[in-house]
2 protein chains.
Amino acid sequence: MIAMGRGKKEEKFAKVCSLLREHGVRITNVRKAVVKELLNGKQHRHVEELCRKLASKGVSRASVYRTLSLLEHVGFVSKVLYGERHSHFEFLSIGEHHDHLICIRCGRIVEFKSSQIERLQKEIAKKHSFELKGHVLEIRGICPQCKRLNKEQEKTVKDC
Amino acid sequence: MIAMGRGKKEEKFAKVCSLLREHGVRITNVRKAVVKELLNGKQHRHVEELCRKLASKGVSRASVYRTLSLLEHVGFVSKVLYGERHSHFEFLSIGEHHDHLICIRCGRIVEFKSSQIERLQKEIAKKHSFELKGHVLEIRGICPQCKRLNKEQEKTVKDC
DNA sequence: TTTTATGCAAAACTTTTGCAGCTGA
DNA sequence: TCAGCTGCAAAAGTTTTGCATAAAA
């Protein structure tokens with residue numbers, strides 16, 4: 001995953017601000033902090049991690065949740081699952097999107113990109129008159145390591 | 001969504017049982033009840049709804065969760081998000097899979113099927129030596145109704 | 001008989017909310 | 001100014017766990 005360049009980050013930041021304004025939402029310090037934190041980190045994040053980082057800037061947990069749902073509403077982030085318990089958030093429409101293969105045994109996540117899938121989702125959105133904002137594709141299966149383990153020792157699958 | 005025929009259901013039930021046995025897991029009444037309930041309902045379900053239905057058969061909430069995670073591990077169900085708060089579960093590898101377009105404004109869900117996507121996911125899994133068990137594709141965007149509303153009255157987006 | 005599963009109730013988490021005070025436009 | 005944000009703390013909701021008992025093999 002490549003970090004965004006400074007220029008691009010600022011451009012994106014401005015775009016989010018204007019998105020918020022369009023929705024009649026105030027641009028507050030708290031919201032700026034959340035957006036900046038999102039832009040500074042990886043493309044997908046635990047809410048928990050965001051809360052921890054933002055707490056040091058005086059942003060409360062409640063505000064993190066409130067801001068995320070606001071940003072989801074305007075189409076800047078999207079909730080994703082990635083086979084785990086707690087929710088993650090991911091940027092939308094930021095280019096450089098990738099999808100995931102997830103092992104249902106050990107949780108291993110393999111990233112991949114597919115231009116064909118990008119193309120297909122555009123077609124599908126268009127066909128249903130949706131304004132495309134992003135997508136989540138998780139392919140679930142059993143990874144090569146777990147398949148091998150499975151054969152060797154049928155019962156100790158946990159510690160793959 | 002078409003309900004499964006009786007014969008197909010029984011066949012599937014037998015398959016799950018043997019899957020469980022393969023994993024050295026006991027076939028208990030509770031587990032049978034959960035699997036049957038899953039096979040009798042829609043392809044994706046709220047955990048909450050499952051708990052309610054199974055409670056009347058004497059199955060506890062804890063067992064529903066335990067059984068679901070077991071079934072997830074053997075590859076019979078998969079956790080999905082569908083843009084909502086609480087988790088849903090979905091059958092895997094049961095054929096007749098469909099994906100979803102989700103409106104980030106109003107939560108509207110539109111189902112669609114794409115044989116091209118089915119084909120692509122198979123290729124991708126194969127390429128990474130994963131044993132394919134299923135996939136989740138959610139395309140997120142703004143539905144035609146919300147787009148219209150957006151233009152008409154910029155600020156009352158909630159009650160789309 | 002022995003091992004594994006279950007129900008119960010409590011604990012651990014995650015997310016939302018009401019409200020009083022604060023802040024951005 | 002003042003509608004809209006925010007933090008706090010409490011509530012609500014979801015998922016997991018320990019343990020005594022029950023059920024499967």
Side-chain angles (χ1 to χ4, degrees), chain A residues 16-18 20-35 37 45-74 77-89 107 154-158, chain B residues 16-37 45-74 77-89 107 154-158:
Chain A
V16 179
C17 289
S18 70
L20 291 175
R21 263 188 281 265
E22 263 173 45
H23 283 267
V25 160
R26 285 187 185 167
I27 315 293
T28 64
N29 286 330
V30 165
R31 288 172 184 163
K32 282 189 213 161
V34 175
V35 172
E37 182 53 44
R45 319 276 298 267
H46 289 62
V47 176
E48 211 27 58
E49 186 213 339
L50 274 176
C51 288
R52 227 180 309 122
K53 291 234 179 152
L54 286 161
S56 68
K57 290 182 178 115
V59 178
S60 74
R61 172 173 294 270
S63 286
V64 173
Y65 278 101
R66 283 190 275 231
T67 305
L68 282 173
S69 91
L70 189 63
L71 292 174
E72 187 169 22
H73 187 259
V74 304
V77 300
S78 181
K79 213 178 265 194
V80 296
L81 190 65
Y82 296 133
E84 290 184 30
R85 254 190 284 299
H86 45 296
S87 49
H88 292 225
F89 277 81
E154 194 56 51
K155 288 189 67 176
T156 34
V157 279
K158 288 229 163 167
Chain B
V16 179
C17 289
S18 71
L19 249 177
L20 291 174
R21 263 187 282 264
E22 264 174 44
H23 283 267
V25 160
R26 286 185 182 169
I27 315 294
T28 65
N29 287 332
V30 165
R31 287 171 184 165
K32 283 188 213 162
V34 175
V35 172
K36 275 186 186 157
E37 181 54 42
R45 320 274 299 265
H46 287 62
V47 177
E48 210 29 56
E49 186 212 338
L50 275 176
C51 288
R52 228 179 311 123
K53 291 232 179 154
L54 287 161
S56 68
K57 288 179 179 117
V59 178
S60 73
R61 172 173 295 270
S63 287
V64 174
Y65 278 102
R66 284 190 275 233
T67 305
L68 283 172
S69 91
L70 189 64
L71 293 174
E72 187 169 22
H73 186 259
V74 303
V77 300
S78 181
K79 211 178 267 197
V80 294
L81 191 65
Y82 296 135
E84 290 184 32
R85 255 190 282 299
H86 45 295
S87 50
H88 292 224
F89 277 82
E154 194 55 52
K155 290 190 67 176
T156 35
V157 280
K158 288 227 161 167

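A, B, ... follow the sequence lines: proteins, then strands. Residue 1 opens every chain.
- Across the protein-nucleic acid pair, A:K32 atom NZ and D:dT6 atom P stand 12 Å apart, rounded to whole Å.
- Comparing A:T67 and B:R61 along DNA chain D, the residue whose closest nucleotide (by nearest heavy atom) sits nearer the 5' end is A:T67.
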(Q) Applying side-chain contact (heavy atoms from CB on, under 4.5 Å) to B:L54 and B:V34, what does each step give before you reach the verdict? (A) CA-CA 7 Å; B:L54 287 161; B:V34 175; 3.8 Å; yes
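- Rounded to whole Å, atom C1' of D:dG4 lies 12 Å from atom CG of A:L70.
- For D:dT16, the OP1/OP2 oxygens have no side-chain nitrogen or oxygen of B:Y65 closer than 4.0 Å.
- Partners of B:L70 according to the side-chain contact (heavy atoms from CB on, under 4.5 Å) rule, which considers only residues two or more places apart in sequence or in another chain, are B:L20, B:V25, B:R31.
- With a 4.5 Å cut-off on side-chain heavy atoms, A:L50 and A:L68 count as touching.
- In this structure, B:K79 atom NZ and D:dT15 atom P are separated by 6 Å, rounded to whole Å.
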Q.
So if I define the base as every atom that isn't primed, P, OP1 or OP2, how would nucleotides 20-25 of chain D read as a B/S/- string at a heavy-atom cutoff under 4.0 Å?
A. ---BBS
What does the list of N/O pairs under 3.5 Å between the protein and nucleotides 17-22 of chain C look like, with a distance for each?
none

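- Here the NZ-CG distance, from B:K36 to B:N29, works out to 8.5 Å after rounding to the nearest 0.5 Å.
- Distances shown here put every side-chain N or O of A:S60 at or beyond 4.0 Å from the OP1 or OP2 atom of D:dT6.
- The salt bridge (charged side-chain N to carboxylate O under 4.0 Å, His left out) test applied to B:K57 returns B:E37, not counting sequence neighbours.
- The CG atom of B:L20 sits 10 Å away from the P atom of C:dA5 (whole-angstrom rounding).
- Atoms CD (B:E49) and P (D:dT14) sit 13 Å apart, rounded to a whole Å.
- Partners of B:S63 under the side chain to side chain donor-acceptor pair (under 3.5 Å) rule, at least two apart in sequence or in another chain, are B:S60.
- Per the geometry, CG belonging to A:L71 stands 13 Å off P belonging to D:dC5, to the nearest Å.
- Taking CD from A:E22 and SG from A:C17, the interatomic distance works out to 12.0 Å, rounded to the nearest 0.5 Å.
- Rotation axes derived from the C1' atoms of the five outermost pairs at either end of the helix from C:dT1-D:dA25 to C:dA25-D:dT1 lie 50° apart, to the nearest 10°.
- Annotation: salt bridge (charged side-chain N to carboxylate O under 4.0 Å, His left out) contacts of B:R26 (sequence neighbours excluded): none.
- A:R52 pairs by the salt bridge (charged side-chain N to carboxylate O under 4.0 Å, His left out) definition with nothing, not counting sequence neighbours.
- Smallest separation of non-hydrogen atoms from B:E72 and B:K79: OE2-N, 3.5 Å.
- A:R61 and A:C51 make their closest contact through NH2-CB, 3.9 Å (heavy atoms, listed as atom of the first residue, atom of the second, distance).
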